[in-house]
Amino acid sequence: MLRTAVLILLLISLKVLSQEVKVPEVTFPIEIIAQKQEKKPFLLPPEKLKIGEKLQIKLFVEDVKPIPPYDVKPPVLNFKKPSSFLGIPEENALMSDAIDDFLNGRYFFAKEKLEKLIKKYPDVPFISDAYYLLGLVYSNLGEEKNALKTFIKGCSQNVTSKSKDYSCLIGAVFSFKFHSIQKAEQLLKNVDITDDNTLFWHSVVFALQDKPQQAFELLKDTKCENLDINFINYCRYMKGYILFANHKFDKALKIINQIQTPEYYRHLLLLKGFSYLNLGKYPEASAYFQKFLEGYGSVEKISDYAIYGLGIIDINYNRIKEALEKAGILESRDKNLAQNLYIKVAEELADRNDFETAFVILQRSAKAGNIYIDYLRKKLAITAYNTGNYRYAFLMFKEIDTPLFNLYAGYSLLKMKRPVEAKEYFEKTVRLSETEETKEKALKYLSDIYFRLKQFKEYLLTVKKIKQFDPEYASDLLGWYFFVKKEYKKAFQAFKDPYMKAVSAFNGDILDQAYKIIKDRKDRKSRFLLAYIYLKQENLEKAREILKELSKEKDKIGEEAGYLYAYSYFSEGNYKKAAEEFWDYAKKHRDTALGRQAILRMADSYYNLGEIDKARQIYRKFIQKYSNTPEAIDAAYQLTVLEMKGSTGNIAQQIESFIKKYPNYPFVNLLKIQLADHYLENKNFEKAEQIYRQVIQQDVKESDYAFYKLGYLYYQKGEKDKAIKILEDYLKKFPKGEFSINAKSLLVKAYQEKGDLDKAIAVLKTLPDTDENRFKLAVLYYKKGDLFEAKNYFEDIYTRFPKYRNDIAYYLGKIQLEQGYTDMALKYFEEATGGSDYHHVAESYFLLGVIHQKNGNLEDALNNFINVVYLYPEAKEFVIKARLKAAEIMKESGQKKEAACMLKPIKDEEIEQKLKEKFQELLKGLPECS
């Protein structure tokens with residue numbers, strides 16, 4: 001097809017009528033394409049992913065069991081005295097006197113009589129009373145272990161009586177005091193009566209076994225006031241504790257506020273503090289946490305929870321710095337609480353869309369411990385995505401490998417413009433997802449990718465599946481299939497979207513239907529289509545009215561409408577008016593694609609008016625001003641094609657034809673190098689090289705560029721030696737050439753890839769002294785092994801170059817480590833873990849582990865090795881080494897099964913001999929991992 005005004009409307013398409021450009025001895029058609037072109041809008045992956053379920057506030061009852069019933073006294077039963085006369089029978093007399101002694105506080109006398117009775121008369125009918133009474137005596141004398149033994153014996157009597165049941169019940173209470181929960185549970189099973197007292201103590205068993213839900217089910221309907229008076233206080237404490245553990249904070253407060261005894265005061269302060277905290281009553285919560293720390297200090301482990309609670313309150317009051325300080329305090333006291341608090345800070349920052357800081361805090365929390373490792377991996381991956389670090393996010397998403405995170409992996413790949421790989425993850429999501437929402441999203445993205453890749457069979461199958469979830473969306477997808485196949489009438493039937501339905505009708509020549517759909521719509525897109533309809537109906541007056549109105553807005557439609565308005569005059573042969581309108585348009589839209597096209601159309605108009613010299617002048621000025629734009633090629637081509645009887649072929653053929661016929665054209669060398677660039681872009685190296693060399697030999701203005709591009713051509717071909725020779729020759733000939741910086745930068749890359757680091761450094765030093773070039777120099781010195789120079793450069797830009805600060809910290813850490821300064825290396829590697837290079841971060845964690853292990857900080861070392869294993873699985877070299885190191889620490893600390901499981905994944909890996917020997921050595925004495 002001819003290239004001149006034929007190239008008009010690269011952005012607009014409409015075939016209304018045919019007009020001719022009349023020039024001396026030349027005529028050829030100008031046409032506007034008959035169909036309105038539209039591109040299917042593709043689903044963009046979300047800019048931000050939701051953090052999802054948040055970490056629960058950690059309640060102290062998760063780690064701190066309830067206080068045993070230390071203050072619970074055994075109830076005194078109403079004992080019936082057996083009858084006796086003058087000490088006969090003796091057993092009756094012993095029991096009767098023992099009861100009197102007990103009731104009058106003569107416990108030693110009671111003890112003596114009861115011990116004699118039980119030993120001499122073990123089968124008396126009131127034996128269970130004797131055992132229970134003796135247990136009471138021991139208890140009052142402070143001999144609690146003897147009391148427990150006695151209650152247990154009383155419980156084992158083969159009788160049915162209240163005293164036997166109470167021996168079992170109080171035996172259980174005393175077993176709780178001595179932390180024998182299993183024994184308490186056995187004793188309670190021997191109690192025959194089922195009342196509120198028994199149910200309460202069964203619930204205590206569940207509470208002390210960390211089963212708060214079962215405890216709640218037993219206790220929820222129990223009123224403490226209905227229990228034995230000795231049990232009421234403990235019941236209130238335990239009921240408050242159980243309600244709290246079941247997150248029923250308001251009910252827990254009502255109960256524990258009734259407790260007066262100091263026995264439970266420490267727990268009560270935290271129970272109240274965390275209850276108010278979870279109810280959002282922060283001043284009250286803060287008061288109780290402060291009261292705890294003022295009363296008990298921060299020495300005991302339970303005080304960590306008061307510090308933690310105050311940290312949570314800081315977060316809610318936006319005191320992020322104070323919350324982080326408390327998390328730092330907790331790191332050396334309770335790593336799990338510290339990690340939880342760091343994560344809560346990160347969640348708050350993410351809620352405020354400060355994902356970059358959240359990402360840093362999450363990485364910091366990863367160092368605190370590994371209890372939340374799975375949760376952290378997900379949050380780190382999502383936060384990395386939200387900061388735009390899509391590669392990092394993708395690597396983590398794919399390792400998490402759940403349907404939802406496979407969907408997110410697909411999003412990341414789309415963000416990286418890798419749709420073919422994204423397709424695999426969306427397909428996997430569809431195949432494995434159990435939720436309709438996730439499956440529907442994956443299917444919609446899949447349909448987009450199949451459409452882009454023109455895999456229409458898969459596209460149509462996917463559309464069929466989408467129809468189950470969203471029939472209207474599926475109909476529009478089917479419409480796009482017919483539209484791209486140019487089956488416009490079928491597309492018209494399929495589309496639900498009114499605009500695309502109208503466009504399909506327009507392209508299918510069902511103008512009345514297109515007009516009917518669009519005529520009353522007020523949106524700009526629809527109004528623009530209405531102008532197309534009027535143009536196709538040759539109703540130019542109505543078309544221009546709409547186009548002029550639309551052109552007033554500064555958007556894409558406004559630009560296109562203004563251009564088409566001017567072109568409507570050109571299309572009807574009113575070239576004078578067209579020239580005026582194109583000039584007005586070009587002034588309004590300077591340096592835009594259509595603005596440049598308008599200048600060329602203006603020249604076309606002058607040609608058609610017979611003002612050839614004026615048109616030529618416009619073309620030449622255009623070429624000079626826009627020498628590096630595609631429109632300049634069009635202008636040069638148009639200037640020539642209008643002087644010859646037509647031409648055919650693609651861009652390359654047309655330019656070649658032009659150059660051959662007009663070798664002395666003023667801008668022929670510009671066209672030559674543009675042609676050479678075209679060949680180079682399409683990897684036709686031979687033709688590109690031929691043209692570049694031809695321009696170089698002519699020693700013209702464009703020779704500078706051609707010489708540089710010749711070196712670039714050989715670099716692209718992979719012939720590094722030839723590229724280096726050409727680039728060196730270029731710099732000799734053009735030491736201050738326009739492309740000397742480009743040539744030097746490429747030469748540095750070529751030398752580096754050839755391993756000639758000295759030459760790479762020498763050339764790099766001649767480039768502008770920027771921070772970025774200093775960073776490159778530092779890296780080259782490091783690779784060369786010149787640590788002194790590398791360190792000088794790195795330290796120079798460390799504080800001045802924040803963009804690469806984490807990466808610089810990685811190199812400085814390596815240098816300090818190699819020079820034996822492990823403390824400084826530790827500092828730098830801590831900072832390097834916030835870097836963007838996945839493998840550098842993984843190595844930094846590994847080296848942190850090595851340093852901590854060497855310093856004897858085995859827990860910190862283990863945490864860092866575990867971070868490498870689970871957070872950076874792609875960094876296989878360090879994962880294997882980290883597994884070996886972690887297993888070594890586990891084995892030494894007696895965690896043999898854990899060590900075996902840490903080593904198991906290495907079993908089938910191909911690893912170097914030295915590591916294999918270490919692996920075999922570690923396996924000795926370890927059990928199987930099951």
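As the structure is a prediction and not an experimental result, all values here were calculated from the model.
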Within a 6.0 Å radius of atom [atom1] on [X], are there more than 12 heavy atoms belonging to other residues, nucleotides or ligands?
X      : atom1 : result
Lys587 : NZ    : yes
Glu356 : CD    : no
Gln698 : CD    : yes
Lys548 : NZ    : no
Ile741 : CD1   : no
Lys490 : NZ    : no

Roughly how far, to the nearest 0.5 Å, is [atom2] of [Y] from [atom1] of [X]?
X      : Y      : atom1 : atom2 : result
Phe451 : Trp480 : CZ    : CH2   : 7.0 Å
Leu564 : Leu547 : CG    : CG    : 5.0 Å
Thr462 : Gln455 : OG1   : CD    : 9.5 Å

Flag, side chain of [X] to backbone of [Y], donor-acceptor distance under 3.5 Å:
X      : Y      : result
Thr357 : Asp354 : no
Ser703 : Val695 : yes
Arg524 : Leu550 : yes
Ser526 : Lys522 : no

Would [X] and [Y] pass as an ion pair if we require N to O under 4.0 Å?
X      : Y      : value
Glu702 : Lys672 : no
Arg521 : Asp523 : yes
Arg601 : Asp604 : yes
Glu580 : Lys576 : no
Glu572 : Arg544 : yes

inquiry  = For Phe394, does the six-membered ring have the charged nitrogen or CZ of Arg418 within the cation-pi criterion, i.e. under 6.0 angstrom from the centroid and within 45° of the normal?
reply    =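 Output yes; distance and angle both within limits.
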inquiry  = Do Lys36 and Phe506 form a cation-pi contact, if we require the NZ or CZ to be under 6.0 Å from the six-membered ring centre and within 45 degrees of the ring's axis?
reply    = no
Any side-chain heavy-atom pair of [X] and [Y] under 4.5 Å:
X      : Y      : result
Tyr450 : Lys423 : yes
Val748 : Lys776 : no
Asp591 : Tyr626 : yes
Leu746 : Tyr708 : yes
Val503 : Phe483 : yes
Gln537 : Leu511 : yes
Asp476 : Met500 : no

Are a donor atom and an acceptor atom from the side chains of [X] and [Y] found within less than 3.5 Å of each other?
X      : Y      : value
Asn742 : Tyr705 : no
Asp613 : Tyr606 : no
Asp497 : Tyr473 : no

Please report whether the ring centroid of [Y] lies less than 6.0 Å from that of [X].
X      : Y      : result
Phe528 : Tyr532 : yes
Tyr411 : Tyr445 : yes
Phe734 : Phe739 : no
Tyr585 : Phe582 : no
Tyr575 : Phe570 : yes

task = Please step through side chain to side chain contact (heavy atoms under 4.5 Å, CB included) for the pair Tyr565 and Ser551, ending with a clear verdict.
result = CA-CA 8 Å; Tyr565 176 81; Ser551 68; 5.8 Å; no
message = Run Tyr714 and Glu689 through side-chain hydrogen bond (donor to acceptor under 3.5 Å, both in side chains) and show every step you take.
response = CA-CA 9 Å; Tyr714 274 100; Glu689 180 178 357; 2.6 Å; yes
key: Sole residue of Lys441, Lys444, Lys496 in salt bridge (Lys or Arg N to Asp or Glu O under 4.0 Å) with Asp470   =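 Looking at Lys441, Lys444, Lys496, the match for Asp470 under the salt bridge (Lys or Arg N to Asp or Glu O under 4.0 Å) is Lys444.
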request  = Determine the minimum heavy-atom distance between Phe492 and Ala505, stating which atoms define it.
outcome  = CD1-CB, 3.7 Å
task = Just do the side chain to side chain contact (heavy atoms under 4.5 Å, CB included) check on Gln690 and Tyr692 with the steps written out, would you?
result = CA-CA 6 Å; Gln690 185 181 353; Tyr692 287 138; over 6 Å; no
query = For Asp509 and Tyr488, what are the C-alpha separation, side-chain angles and deciding distance, and is it a side-chain hydrogen bond (donor to acceptor under 3.5 Å, both in side chains)?
reply = CA-CA 9 Å; Asp509 286 324; Tyr488 297 118; over 6 Å; no
key: Step-by-step side-chain hydrogen bond (donor to acceptor under 3.5 Å, both in side chains) determination, Tyr499 to Glu38   = CA-CA 11 Å; Tyr499 174 74; Glu38 292 288 344; 2.5 Å; yes
